[in-house]
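Below is one structure, written out as structure tokens; comments come after it.
Atoms within a ligand are numbered from 1 in the order they appear, just like the ligands themselves.
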Amino acid sequence: MNPYKIPFNKPQLVGAELRYMQDAIQGGHISGDGPYTKRCEGLLEKELAVARVLLTTSCTHALEMAALLLDISPGDEVIVPSFTFVSTVNAFVLRGARPAFVDIRPDTLNLDETLLEKLITSRTKAIVPVHYAGVACEMDAIMSISARHRIAVVEDNAHGLFARYHGRYTGTFGVLATQSFHETKNFTCGEGGALLINDPQLLERALVLRDKGTNRNRFFRGEVDKYTWVDLGSSYVASDLQAAFLYAQLEARQQIQSARERIWRTYWRGLDAWAEQNNVRLPVVPSHCEQSYHMFYLLLPSLGQRQALIAHLRERGILAVFHYVPLHLSGMGVKWSAGKHDCPVTVDVSERLLRLPFFTGLSENEQASVIEAILEFKM
Ligand SMILES: *Cc1c(COP(=O)(O)O)cnc(C)c1O
């Protein structure tokens with residue numbers, strides 16, 4: 001039983017999910033790489049204009065594939081924000097890499113591109129920007145640093161599917177990018193993800209890595225007469241049942257995104273004046289970024305006020321949550337970090353940030369009661 005009248009997140013069905021799953025079952029192909037997997041991959045390739053998209057079991061696994069594809073090995077360093085989900089970093093640490101933690105910009109909360117070059121060493125193998133809240137990182141600066149130092153960029157685009165930077169989709173800048181279809185993201189199949197391959201040279205090996213290190217893909221294409229173990233790998237292929245669910249959601253992308261845009265704008269309109277009066281900061285979206293409407297957050301003046309607002313909303317049956325606990329200060333972050341990194345903005349923001357209930361099916365009434373409860377809160 002959910003004790004909250006208004007939860008933080010609720011998965012939203014758009015209608016065709018069950019029909020497509022039933023169709024997959026009746027079609028007799030429910031393992032990976034079936035008709036619905038191909039439909040999802042094709043839709044994303046066409047819409048985003050990327051060379052290849054491979055559906056995976058999660059964004060975490062797509063990040064693990066990226067680390068394998070870049071041959072990340074012990075002693076290598078990877079530049080990552082401290083203000084992110086653990087998988088952004090863990091996927092590389094699994095290969096033995098040491099994270100160099102970069103702080104974030106106080107406005108968009110994306111990694112601060114002006115700090116990148118100070119962190120680059122001869123061992124740096126990758127930069128992993130996270131498009132926080134689906135607002136793009138400063139990709140012009142990041143890509144020119146990447147080109148100058150010949151360091152790969154892997155975009156963690158878990159929040160940012162269909163967001164744009166200067167008109168171009170996020171996820172199309174780095175050699176590789178990753179998407180999440182976890183229940184908490186804009187488009188979902190429960191658990192799922194995708195690897196976006198912008199460098200076609202990485203495709204053949206990606207197909208092997210996600211299929212247990214075998215060349216089964218070439219066997220299916222009739223290029224070899226038996227398949228065998230040729231590389232490292234794991235089981236990263238998503239089931240066609242999940243792909244069927246996801247395809248319904250991706251087909252309804254306009255409906256989903258416009259509902260989320262409306263929710264985001266309603267929060268903004270309802271809270272703008274209150275925020276101004278109470279020294280609370282609302283999200284910043286630069287004019288050259290089209291966001292993906294993934295979340296709505298508040299930056300309260302202090303940790304105490306944030307905790308008090310969480311309690312105030314809880315008393316009214318509303319669940320609001322915070323994240324991320326700075327990774328550079330976590331046990332694993334301290335143990336694996338490539339050097340000591342100060343990330344003062346990350347530490348400050350992580351104490352003051354609060355995410356409001358935000359999901360595609362949030363009703364006007366529900367949202368009105370969240371806003372009303374916030375306006376009643378005495379700072
Ligand atoms: C959700 C999320 C992930 C992990 O996604 P999964 O599909 O659950 O593995 C990675 N990075 C960021 C920034 C996320 O928000």
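Applying the side-chain hydrogen bond (donor to acceptor under 3.5 Å, both in side chains) test to every pair with at least one member in residues 369-379, sequence neighbours left out, gives these pairs: Arg316-Glu376. Contacts classified as ring pair (Phe, Tyr, Trp, His ring centres under 6.0 Å) and involving residues 39-64 (residues at least two apart or in different chains) are given here: His61-Tyr236.
The residues lining ligand 1, counting any heavy atom closer than 4.0 Å, are Ser58, Cys59, Thr60, Thr84, Phe85, Thr88, Val130, Asp156, Ala158, His159, Ser180, His182, Lys185, Gly192, Tyr324.
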Does Phe85 form a ring pair (Phe, Tyr, Trp, His ring centres under 6.0 Å) with His159? I'd like the steps, not just the answer.
CA-CA 11 Å; Phe85 190 64; His159 299 177; 9.0 Å; no
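Residues forming a salt bridge (charged side-chain N to carboxylate O under 4.0 Å, His left out) with Arg19 (at least two apart in sequence, or on another chain): none.
With respect to the salt-bridge test (charged N to carboxylate O, under 4.0 angstrom), the residues Arg168 and Asp140 do not qualify.
Taking the ring centre of Phe219 as origin, the terminal cationic atom of Arg216 falls outside the region bounded by 6.0 Å and 45° from the ring axis.
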